[in-house]
Visitor: 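One structure, as structure tokens, below. Some questions next.
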Amino acid sequence: MHFKKSIIASLFVSAPLFAQGQLSQQALQEFTQNTQFQFAVVDNFHNKDGGFIGQISLANGSNVALPKGESDWQIYIHSIRKITRVDNPGLKIEHVNGDLHRIVPNKQFAGLAKGATLRFNYEAGAYIVSYTDFMPRAFMVSGNKTEVFANTDTEDMKAFVAPFERENQLKKFDQPKDLSVIADAANRYQANLVNKKYTVSQEAALKRIIPMPQQVDFNRGEVTLDNNWQIRFAGRLTAEVAVFVEDLTKNHQLALTAQPDHIAVNNHPVIDIKVDAKVNKGKSESYRLNLDKDKITIIGSDNAGAFYGLQSLLALIPADASSSVTLPRVEIQDSPRYDWRGMHYDNARNYHGKDAMFKLVEQMARYKLNKLHWHFSEDEGWRLEISGLPELTEIGAYRCFDLAENECLLTQLGTGPHKSGSGNGYLTRAEFVELLKFAAARHVNIIPEIEGPGHARASIKAMEARYRKLLKQEKELRVGSIKATATDAEGGVLQSSAATAYLLSDPADTSIYETVQLYKDNSVNVCLDSSYQFFDKVTYELQQMYREAGVRLTNLHFGGDEVGAGSWTGSPACQAIFADPNNGVSGVADLKPYFTQRIAKMLYKRGIAPGAWEDGLMYDRTNPFNRDEMPNPVFTANVWDNIWEWGVADRAYRLANAGYQVVMSHGTHLYFDHPYEAHPEERGYYWATRATNTEKAFGYMPDDVYANADFTRTGEKIENLEALVGRPMPKLEKPENILGIQGQVWSETIRTEDQVLAMIFPRLLSVAERAWHKADWEGQKPDSIARSKDFAEFSAALAVKELTKMAKGGVKPNLPVPGGVIEQGKLKANAAFDYLAIEYSLDNGASWNLYTAPISVKEQQKVALRSRLNDEVVSRITFVN
């Protein structure tokens, strides 16, 4: 969109539309405090899979009546589905940008009297089957005044979303048929019975280390660890031992003296920690652990290996052990399956606070995960302070009601009109340096992502605000690299200056596009030198932070995905590049590889390996960019799009065969912003699959992508993948280019620390298991019986100790909702994890009792069930009958 037109339009819509009918602040507050605003799904089966009918209602319980006809007031809502029309002749719906929509009254508006209800249907794209698809904090504007509808200012979606009860609310579409099975107590009970065939003892669950080591040999006898023990360590392991001692003290009240290994033990039992490069033939991150009567020995092939040996020792300690710990005698030899064992965390869309990041790193390290892919920049936010570019956080880290975007970004994702709304904030430079040190001590490498050229609205708008601010301050402009035909926001000739140094948008660009997330202006202009100056500046500042923390910036991700079709088609700066016969860029289709090559070469000079999402490295559905054009020895590609029927799930092998280093990041099994189960009360999007629980993630097989093809998006079982795709599926020719796997969480629907950690945990432990350990049941035709038995042991370990350890670390993990049936007058209940406590209520949740065995109830008795870990961590409630 033309820079000048965008600003003028923003200034227009931010001014009062009509002088008449303007509400006072008191009236606006009275109306929004006492009017019940509600969303509803009317019919998902309205237009096959292309649209649904929703409803908005306003029950006016206030003392304020909205007048007939045109008025000054407007209602703003966050809608992830683009609303195309409303079935009320007195109202007009306008799409502003992204998820923000505006409802405006016109001459035909009938008014809304005190005590009356305004109810109208609307049509929007796709479908909605989850309460969390509706965003909180709808708000009303009159003049320059804003107020949030009080009943929407909450994380309880049911406070402003009508119940989902009918099939055309619970299912996505009926053409094609949505075969998803909506979870309830009865079908959960039956599904849980499958794994109940395998009895796992509590003793076995306590011994189960996650992730499973390569070789474990339990011997006879036990070791008692108490404060009489001492620690001796190789001097190079000072940082690793400090973390270990802190964990023992904090979690188990064991205060062991730790000293370098040149100091004598003097007849104390000892934990001896060493490094020997010959361990497991020198493979990095390997270790040997031996627990004997008076000596525990840990030998790592390197510092990371020693650290992971310590984590395995900690994993054997019961969650409630204190002061004195009894452990089994054991010998372990262990090495990781993959070098890349990661988690991608998006807190750009919604910021969840500093503590969430520290807790995530701490838990990752416990389970031997070593790569945190930090998605700190997006359309909706920029979350890291960058020296010299204060606008990135002053503007880009906050959303509010400022349509001109001089003070903040356009409000999105349920933030509402105020900077105090959800999702706002950022990590300061000092806090990030602190995090880097914390992560380095735990062998977690943080990989930042500067998103571009798409998904970059926050940085684009921040740099436009910077441009406007500096332009006013400058008295003299010097001629520069941007063509003289471009005009600035005031209509004058745009010349190079400090104001334009980091500008990411071409002011004369008339390109029109709309992205999947409904943005019209989120593509960095790849034809401007200032765009690359911006990327280099941010990269430089990142390197300085890493150096200050005593670590090296080894990898930097630049996104590359989901660039809006039509970007740059109207850019004079790009036309100038096309006109140059010497640069190998002849049209718009050449611009993404041009951008990728420039970024790759910039990072090569800085000694940094670039990374991108798979579609950022593809000319089309099947052909990767020419790898020879990138000088980097390592160039990582996160492959995510394995919607089997879309026919691009073979990109993992195409990219690896083309010379890129692939990180498996597949949406169907590894996207933890998706619901745990198919139920409207579960949080998350569901574009890749209707649900992904801990067991599904556990069953992912990274060595054979095609073996994971289980169901289509409609829920239809896949019998023949090649027939579904309709062409040959390429084989993996360069397995050495598969680096590993990582989980992903995107935060559009996730606004708080507790929410994001519950979406990640315990599913991330399944990623840790598969990234470290290759199970015997994996293969083109996996052994489903062996897999179920393996998961029974894994999940029992979760319930017996790991969930409690997480909770002690400040993480409230998601608990599976129980199953239950009433048969012959007996309530029977079970959980997906053995040894997870189940509670029942016969008075609609007023009181709860521990379920230990079937109990007698009346056939029509309404019974509530939930899983429970402690007073703060319980599952969602389900009902039998």
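Along the sequence shown, the residues carry numbers beginning at 1.
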Visitor: Ring pair (Phe, Tyr, Trp, His ring centres under 6.0 Å) for Tyr513 and Trp568? Distances and angles first, verdict last.
Guide: CA-CA 9 Å; Tyr513 60 90; Trp568 317 308; 8.3 Å; no

Visitor: So which atom in Asp379 and which in Ala456 form the shortest heavy-atom distance, rounded to 0.1 Å?
Guide: OD1-N, 3.1 Å

Visitor: Before giving the answer on side chain to side chain donor-acceptor pair (under 3.5 Å), spell out for Gln108 and Lys68 the whole-Å C-alpha distance, their side-chain angles and the decisive distance to 0.1 Å.
Guide: CA-CA 8 Å; Gln108 299 182 65; Lys68 295 180 180 180; over 6 Å; no

Visitor: Looking only at side-chain N and O atoms, does Gln29 offer a donor or acceptor that is under 3.5 Å from a partner on Lys145?
Guide: no

Visitor: Which atoms form the tightest heavy-atom contact between Gly570 and Ser511, and what is the distance?
Guide: N-OG, 2.7 Å

Visitor: So do Val563 and His455 actually touch side chain to side chain, heavy atoms under 4.5 Å?
Guide: no

Visitor: So how far is it from Ser420 OG to Tyr398 OH, rounded to the nearest 0.5 Å?
Guide: 11.0 Å

Visitor: Does the side chain of Asp521 come under 3.5 Å of the side chain of Asn97 through a donor N or O and an acceptor N or O?
Guide: yes

Visitor: Hey, what do you get for CG (Asn350) to CD (Glu748), rounding to the nearest 0.5 Å?
Guide: 8.5 Å

Visitor: Pick one: which of Ile128, Asn168, Asp133 meets side chain to side chain contact (heavy atoms under 4.5 Å, CB included) with Val41?
Guide: Ile128

Visitor: One pair to check against ring pair (Phe, Tyr, Trp, His ring centres under 6.0 Å): Phe173 and Phe45. What are the steps and the verdict?
Guide: CA-CA 5 Å; Phe173 37 71; Phe45 296 173; 8.2 Å; no

Visitor: If you measure from NE2 on His101 to OG on Ser79, what distance do you get to the nearest 0.5 Å?
Guide: 5.0 Å

Visitor: Parallel, tilted or perpendicular for His78 and Phe139, by the 30°/60° rule?
Guide: tilted

Visitor: Run the numbers on Lys520 and Val96 for side chain to side chain contact (heavy atoms under 4.5 Å, CB included), then give the verdict.
Guide: CA-CA 9 Å; Lys520 309 167 187 177; Val96 182; over 6 Å; no

Visitor: Does a salt bridge link Lys107 with Glu70, judged by any charged N lying under 4.0 Å from a carboxylate O?
Guide: no

Visitor: Would you call Glu380 and Arg457 a salt bridge, using N to O less than 4.0 angstrom?
Guide: no

Visitor: Can you tell me if Arg683 and Asn814 form a side-chain donor-acceptor pair at under 3.5 Å?
Guide: no

Visitor: Nearest 0.5 Å please: distance from the CD atom of Glu645 over to the CG atom of Asn642.
Guide: 10.0 Å

Visitor: Indicate the atoms forming the closest heavy-atom contact of Gly684 with Ser130, along with that distance.
Guide: O-OG, 4.2 Å

Visitor: Which heavy atom of Ala185 sits nearest a heavy atom of Val880, and at what distance?
Guide: CB-CG2, 3.9 Å

Visitor: State whether the number of non-hydrogen atoms from other residues, nucleotides or ligands found under 6.0 Å of Lys419 atom NZ is greater than 12.
Guide: yes

Visitor: Cut-off 3.5 Å, side chains only: do Ser523 and Ser567 have a donor facing an acceptor?
Guide: yes

Visitor: What I want to find out is whether Glu514 reaches Lys82 closely enough, with some N-O distance under 4.0 Å, to be called a salt bridge.
Guide: yes

Visitor: Using 0.5 Å steps for rounding, measure from the CG atom of Asn151 to the CG atom of Asp153.
Guide: 9.5 Å

Visitor: Establish, for the pair Arg81 and Phe52, whether the NZ or CZ atom is under 6.0 angstrom from the six-membered ring centre and no further than 45 degrees off its axis.
Guide: no

Visitor: Give me the atom names and distance for the closest heavy-atom approach of Leu403 to Leu410.
Guide: CD2-CD1, 3.4 Å

Visitor: Under 6.0 Å between ring centres, would you say that holds for Phe134 and Phe160?
Guide: no

Visitor: Ignoring hydrogens and geometry beyond distance, is a side-chain donor-acceptor pair present between Arg188 and Thr878 at under 3.5 Å?
Guide: yes

Visitor: Validate the cation-pi geometry between Lys862 and Phe879: distance from NZ or CZ to the six-membered ring centre under 6.0 Å, angle to the ring axis within 45°.
Guide: yes

Visitor: Within 45° of the ring axis of Phe149 and under 6.0 Å from its six-membered ring centre, is that where the NZ or CZ of Arg137 lies?
Guide: no

Visitor: Run the side chain to side chain donor-acceptor pair (under 3.5 Å) test on Arg399 and Thr415 for me, step by step, so that the C-alpha distance in whole Å, both residues' side-chain angles and the decisive distance to 0.1 Å come before the verdict.
Guide: CA-CA 7 Å; Arg399 303 189 290 258; Thr415 295; 2.8 Å; yes

Visitor: Please test Arg727 against Glu722 for salt bridge (charged side-chain N to carboxylate O under 4.0 Å, His left out), starting from the C-alpha separation and ending with a verdict.
Guide: CA-CA 6 Å; Arg727 56 171 169 73; Glu722 191 170 283; over 6 Å; no

Visitor: Consider side chain to side chain contact (heavy atoms under 4.5 Å, CB included). Of Leu100, Ile77, Thr152, Thr749, which one does Met135 pass it with?
Guide: Thr749

Visitor: Please evaluate residues Thr689 and Lys696 with respect to the criterion side chain to side chain contact (heavy atoms under 4.5 Å, CB included), reporting the C-alpha separation (whole Å), side-chain torsions for both, the decisive distance (0.1 Å), and the verdict.
Guide: CA-CA 11 Å; Thr689 182; Lys696 182 173 182 178; 2.9 Å; yes

Visitor: Are the aromatic rings of Tyr345 and Trp746 close, with centres under 6.0 Å apart?
Guide: no

Visitor: Applying ring pair (Phe, Tyr, Trp, His ring centres under 6.0 Å) to Trp640 and Trp687, what does each step give before you reach the verdict?
Guide: CA-CA 12 Å; Trp640 56 272; Trp687 60 265; 5.7 Å; yes

Visitor: Where do Arg876 and Glu682 land on the salt bridge (charged side-chain N to carboxylate O under 4.0 Å, His left out) test, with the steps shown first?
Guide: CA-CA 9 Å; Arg876 182 166 50 78; Glu682 286 288 322; 2.9 Å; yes

Visitor: Can you see whether Asp178 engages Thr714 through a side-chain donor-acceptor pair at a distance of less than 3.5 angstrom?
Guide: no

Visitor: Between Glu155 and Arg751, is a salt bridge (charged side-chain N to carboxylate O under 4.0 Å, His left out) present by the stated rule, with each step listed?
Guide: CA-CA 8 Å; Glu155 288 302 315; Arg751 288 174 289 275; 2.9 Å; yes

Visitor: Should the pair Glu716-Lys177 be classified as a salt bridge under the 4.0 Å nitrogen-to-oxygen rule?
Guide: no

Visitor: Between the side chains of Glu677 and Arg690, is the shortest nitrogen-to-carboxylate-oxygen separation below 4.0 Å, so that they form an ion pair?
Guide: no

Visitor: Do you know the tightest heavy-atom contact between Gly616 and Lys592?
Guide: CA-NZ, 4.1 Å

Visitor: Given side chains that start at C-beta, do those of Ile182 and Lys171 come closer than 4.5 Å, heavy atoms only?
Guide: yes

Visitor: Any salt bridge between Asp673 and Arg349, counting N to O under 4.0 Å?
Guide: no

Visitor: Give a yes or no on whether a salt bridge exists between Arg102 and Glu94, defined as a side-chain N under 4.0 angstrom from a carboxylate O.
Guide: yes

Visitor: Going through the checks in order, is the side chain to side chain contact (heavy atoms under 4.5 Å, CB included) test met by Asn424 and Tyr351?
Guide: CA-CA 6 Å; Asn424 287 330; Tyr351 185 68; over 6 Å; no

Visitor: Does the gap between the ring centers of Tyr76 and Phe401 come in under 6.0 Å?
Guide: yes

Visitor: Examine distances only and state if a side-chain atom of Glu30 and a backbone atom of Asn63 form a donor-acceptor pair shorter than 3.5 Å.
Guide: yes

Visitor: So His344 and Trp613, ring pair (Phe, Tyr, Trp, His ring centres under 6.0 Å) or not? Walk me through it.
Guide: CA-CA 12 Å; His344 163 275; Trp613 299 101; 5.2 Å; yes

Visitor: For a quick check under 3.5 Å, do Ser62 and Asn60 share a side-chain donor-acceptor pair by atom type?
Guide: yes

